[in-house]
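First comes the structure, then the notes that go with it.
No hydrogens, no waters, no symmetry mates; every other heavy atom, side chains included, goes into these values.
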Amino acid sequence: GVEVGPQPQGVARADVLDKMRKIVKRGLDFVQLFNEGKEFPPCTIEVFKIMEKVDYPRNKNGEIIAIIHPKLQDQDWQPLKNGDPLFLTLDGKVIPYQGNCTVYPTFINEAAYYEKKQAFVKTEKIKLTAKHLRSSVA
(Lines give C-alpha, C1' and ligand atoms only; values in the text may rest on other atoms or scores of the structure.)
Protein backbone atom coordinates (compact mmCIF):
# COMPACT_ATOMS: atom_id res chain seq x y z
CA GLY A 1 0.00 0.00 0.00
CA VAL A 2 0.94 3.60 -0.49
CA GLU A 3 -0.13 6.34 1.89
CA VAL A 4 0.69 9.89 0.91
CA GLY A 5 -0.06 12.71 3.28
CA PRO A 6 -0.76 14.03 5.75
CA GLN A 7 -4.03 15.53 4.62
CA PRO A 8 -7.37 16.07 6.35
CA GLN A 9 -9.98 13.33 6.30
CA GLY A 10 -12.44 13.51 3.42
CA VAL A 11 -10.29 15.98 1.44
CA ALA A 12 -9.05 15.27 -2.07
CA ARG A 13 -5.97 17.39 -2.82
CA ALA A 14 -4.53 17.56 -6.33
CA ASP A 15 -0.93 17.94 -5.09
CA VAL A 16 -1.18 14.86 -2.88
CA LEU A 17 -2.86 12.83 -5.64
CA ASP A 18 -0.05 13.83 -8.02
CA LYS A 19 2.58 12.65 -5.51
CA MET A 20 0.74 9.35 -5.09
CA ARG A 21 0.61 8.80 -8.86
CA LYS A 22 4.35 9.48 -9.17
CA ILE A 23 5.18 7.04 -6.37
CA VAL A 24 3.01 4.29 -7.87
CA LYS A 25 4.48 4.90 -11.37
CA ARG A 26 8.04 4.69 -10.04
CA GLY A 27 7.18 1.51 -8.18
CA LEU A 28 5.76 -0.06 -11.33
CA ASP A 29 8.77 1.13 -13.36
CA PHE A 30 11.06 -0.56 -10.82
CA VAL A 31 9.11 -3.84 -11.04
CA GLN A 32 9.28 -3.78 -14.85
CA LEU A 33 13.04 -3.05 -14.92
CA PHE A 34 13.68 -5.68 -12.24
CA ASN A 35 11.70 -8.27 -14.22
CA GLU A 36 13.73 -7.37 -17.33
CA GLY A 37 16.91 -8.25 -15.42
CA LYS A 38 18.27 -4.74 -14.85
CA GLU A 39 20.91 -4.58 -12.13
CA PHE A 40 20.45 -1.88 -9.51
CA PRO A 41 23.60 -0.55 -7.81
CA PRO A 42 23.96 -0.30 -4.04
CA CYS A 43 22.21 2.72 -2.58
CA THR A 44 21.55 4.52 0.67
CA ILE A 45 18.30 6.27 1.58
CA GLU A 46 17.17 8.30 4.57
CA VAL A 47 13.97 7.09 6.20
CA PHE A 48 12.00 7.91 9.33
CA LYS A 49 11.61 5.11 11.87
CA ILE A 50 8.77 5.30 14.39
CA MET A 51 10.01 5.64 17.96
CA GLU A 52 6.76 6.13 19.87
CA LYS A 53 3.30 7.63 19.81
CA VAL A 54 2.86 10.70 22.03
CA ASP A 55 -0.43 11.55 23.72
CA TYR A 56 -1.72 14.98 24.67
CA PRO A 57 -1.13 16.03 28.28
CA ARG A 58 -4.16 14.95 30.30
CA ASN A 59 -5.55 15.53 33.78
CA LYS A 60 -6.38 12.75 36.24
CA ASN A 61 -9.82 12.37 34.59
CA GLY A 62 -8.21 11.71 31.19
CA GLU A 63 -9.24 15.07 29.72
CA ILE A 64 -6.86 16.88 27.37
CA ILE A 65 -5.30 19.88 29.14
CA ALA A 66 -3.02 21.17 26.37
CA ILE A 67 -3.04 21.53 22.60
CA ILE A 68 -0.29 21.36 19.98
CA HIS A 69 1.85 24.50 20.20
CA PRO A 70 1.37 26.81 17.15
CA LYS A 71 5.10 26.54 16.29
CA LEU A 72 4.80 22.75 16.02
CA GLN A 73 1.53 22.73 14.03
CA ASP A 74 2.06 21.81 10.34
CA GLN A 75 5.72 20.95 10.96
CA ASP A 76 5.52 17.23 10.11
CA TRP A 77 8.95 15.70 9.36
CA GLN A 78 10.77 18.80 10.69
CA PRO A 79 13.38 18.46 13.45
CA LEU A 80 12.17 18.89 17.03
CA LYS A 81 14.95 19.60 19.53
CA ASN A 82 15.12 19.62 23.30
CA GLY A 83 13.46 22.80 24.60
CA ASP A 84 11.37 23.47 21.46
CA PRO A 85 7.69 24.32 22.14
CA LEU A 86 5.55 21.19 22.07
CA PHE A 87 2.20 21.86 23.75
CA LEU A 88 0.30 24.92 24.93
CA THR A 89 -1.89 24.50 28.01
CA LEU A 90 -5.37 25.94 28.01
CA ASP A 91 -4.14 28.63 30.40
CA GLY A 92 -1.27 29.63 28.06
CA LYS A 93 1.71 27.77 29.55
CA VAL A 94 4.24 26.35 27.07
CA ILE A 95 5.25 22.72 27.56
CA PRO A 96 8.61 22.20 25.82
CA TYR A 97 9.92 19.00 24.26
CA GLN A 98 12.23 17.25 26.68
CA GLY A 99 14.36 14.69 24.94
CA ASN A 100 17.95 13.64 24.65
CA CYS A 101 17.96 13.62 20.85
CA THR A 102 16.41 15.43 17.91
CA VAL A 103 13.23 13.75 16.69
CA TYR A 104 11.01 14.24 13.66
CA PRO A 105 7.31 14.40 14.58
CA THR A 106 4.65 13.38 12.13
CA PHE A 107 0.87 13.00 12.08
CA ILE A 108 0.83 16.14 14.23
CA ASN A 109 -2.64 16.97 15.55
CA GLU A 110 -4.38 14.67 13.08
CA ALA A 111 -8.11 14.54 13.78
CA ALA A 112 -8.24 10.81 13.06
CA TYR A 113 -5.94 10.13 16.01
CA TYR A 114 -7.67 12.08 18.79
CA GLU A 115 -9.72 9.05 19.82
CA LYS A 116 -6.52 6.97 19.80
CA LYS A 117 -4.92 9.37 22.30
CA GLN A 118 -2.20 10.35 19.87
CA ALA A 119 -1.00 13.96 19.51
CA PHE A 120 1.82 12.97 17.13
CA VAL A 121 4.32 10.24 16.40
CA LYS A 122 8.01 10.68 17.20
CA THR A 123 10.33 9.36 14.53
CA GLU A 124 14.08 9.24 14.13
CA LYS A 125 15.90 9.78 10.86
CA ILE A 126 18.05 6.80 9.90
CA LYS A 127 19.91 5.64 6.80
CA LEU A 128 19.23 2.32 5.15
CA THR A 129 21.73 0.78 2.77
CA ALA A 130 20.80 -1.77 0.13
CA LYS A 131 23.26 -4.02 -1.67
CA HIS A 132 23.08 -4.30 -5.43
CA LEU A 133 19.96 -6.01 -6.67
CA ARG A 134 19.33 -8.10 -9.74
CA SER A 135 16.64 -10.60 -10.65
CA SER A 136 17.86 -14.19 -10.75
CA VAL A 137 15.35 -14.80 -13.55
CA ALA A 138 16.56 -13.02 -16.67
- Heavy-atom pair with the smallest gap, counting every atom of P57 and A66: CG-CB, 3.8 Å
- Within a reach of under 6.0 Å around CZ of R21, are more than 12 heavy atoms found that belong to other residues, nucleotides or ligands? no
- Query: Just wondering, do P105 and K122 contact through their side chains at under 4.5 Å, heavy atoms?
  - Reply: no
- Message: So which atom in V121 and which in K53 form the shortest heavy-atom distance, rounded to 0.1 Å?
- Response: CG2-CG, 4.1 Å
- Inter-residue atom distance I68.CD1 - D74.CG, 0.5 Å rounding: 10.5 Å
- Item | V103 vs Y97 side-chain heavy atoms within contact, under 4.5 Å | yes
- Please name the pair of heavy atoms, one in L72 and one in P85, separated by the smallest distance, quoted to 0.1 Å. CB-O, 4.1 Å
- Using a cut-off of 6.0 Å, state whether more than 12 heavy atoms not belonging to E115 lie near its atom CD. no
- Message: Which heavy atom of D76 sits nearest to which heavy atom of I108, and what is that distance?
- Response: OD2-N, 3.1 Å
- Query: Cluster question for you: counting only ILVMFWY and a side-chain heavy-atom cut-off of under 4.5 Å, with indirect links fine, are I67 and V54 together?
  - Reply: no
- Which is it for E124 and F48 under the side chain to side chain contact (heavy atoms under 4.5 Å, CB included) test, yes or no, and what are the steps along the way? CA-CA 5 Å; E124 63 181 327; F48 295 89; over 6 Å; no
- Message: Please determine whether side chain to side chain contact (heavy atoms under 4.5 Å, CB included) holds for the pair V47 and I126, giving the CA-CA distance in whole Å, both sets of side-chain angles, and the decisive distance to 0.1 Å.
- Response: CA-CA 6 Å; V47 299; I126 62 171; 3.5 Å; yes
- With a 4.5 Å heavy-atom cut-off, do M20 and L17 have their side chains touching? yes
- Are side-chain heavy atoms of R134 and F40 found at a separation under 4.5 Å? no
- Between L133 and F34, is any pair of side-chain heavy atoms under 4.5 Å apart? yes
- Relative to each other, are the rings of F87 and F120 parallel, tilted or perpendicular (30° and 60° limits)? tilted
- Query: Do the side chains of K71 and H69 get nearer than 4.5 Å, heavy atoms only?
  - Reply: yes
- Query: Should Y56 and N109 be marked as a side-chain hydrogen bond (donor to acceptor under 3.5 Å, both in side chains) after you check the CA-CA gap, both sets of side-chain angles, and the distance that decides it?
  - Reply: CA-CA 9 Å; Y56 293 89; N109 203 25; 2.7 Å; yes
- Query: Are side-chain heavy atoms of E63 and R58 found at a separation under 4.5 Å?
  - Reply: no
- Message: Can you tell me how far apart OG1 (T102) and NZ (K125) are? Round to the nearest 0.5 Å.
- Response: 10.0 Å
- Item | Exercise: identify the closest heavy-atom pair between D84 and L80 | CB-CD1, 3.5 Å
- Looking only at non-hydrogen atoms, find the nearest pair between L88 and P70 and report the distance. CD2-CD, 4.2 Å
- Item | Spacing of NZ belonging to K127 relative to CD1 belonging to I45, to within rounding of 0.5 Å | 11.5 Å
- Message: Can you confirm whether K49 sits close enough to T123 that some side-chain heavy atom of one is under 4.5 Å from a side-chain heavy atom of the other?
- Response: no
- Item | Derivation of the salt bridge (charged side-chain N to carboxylate O under 4.0 Å, His left out) call for K25 and D29 | CA-CA 6 Å; K25 181 182 181 323; D29 289 345; 2.9 Å; yes
- Message: Evaluate T89 against I95 for side chain to side chain contact (heavy atoms under 4.5 Å, CB included), listing each step before the verdict.
- Response: CA-CA 7 Å; T89 65; I95 300 173; 3.7 Å; yes
- Query: CD1 of I50: more than 12 outside heavy atoms within 6.0 angstrom?
  - Reply: no
- Query: With a cut-off of 6.0 Å (strictly less than), are more than 12 heavy atoms of other residues, nucleotides or ligands near CG of L128?
  - Reply: yes
- Do other residues, nucleotides or ligands put more than 12 heavy atoms under 6.0 Å from N61 CG? yes
- Can you tell me how far the CD atom of E36 sits from the NZ atom of K38, to the nearest 0.5 Å? 10.0 Å
- Salt-bridged, K93 to D91, with N to O below 4.0 Å? no
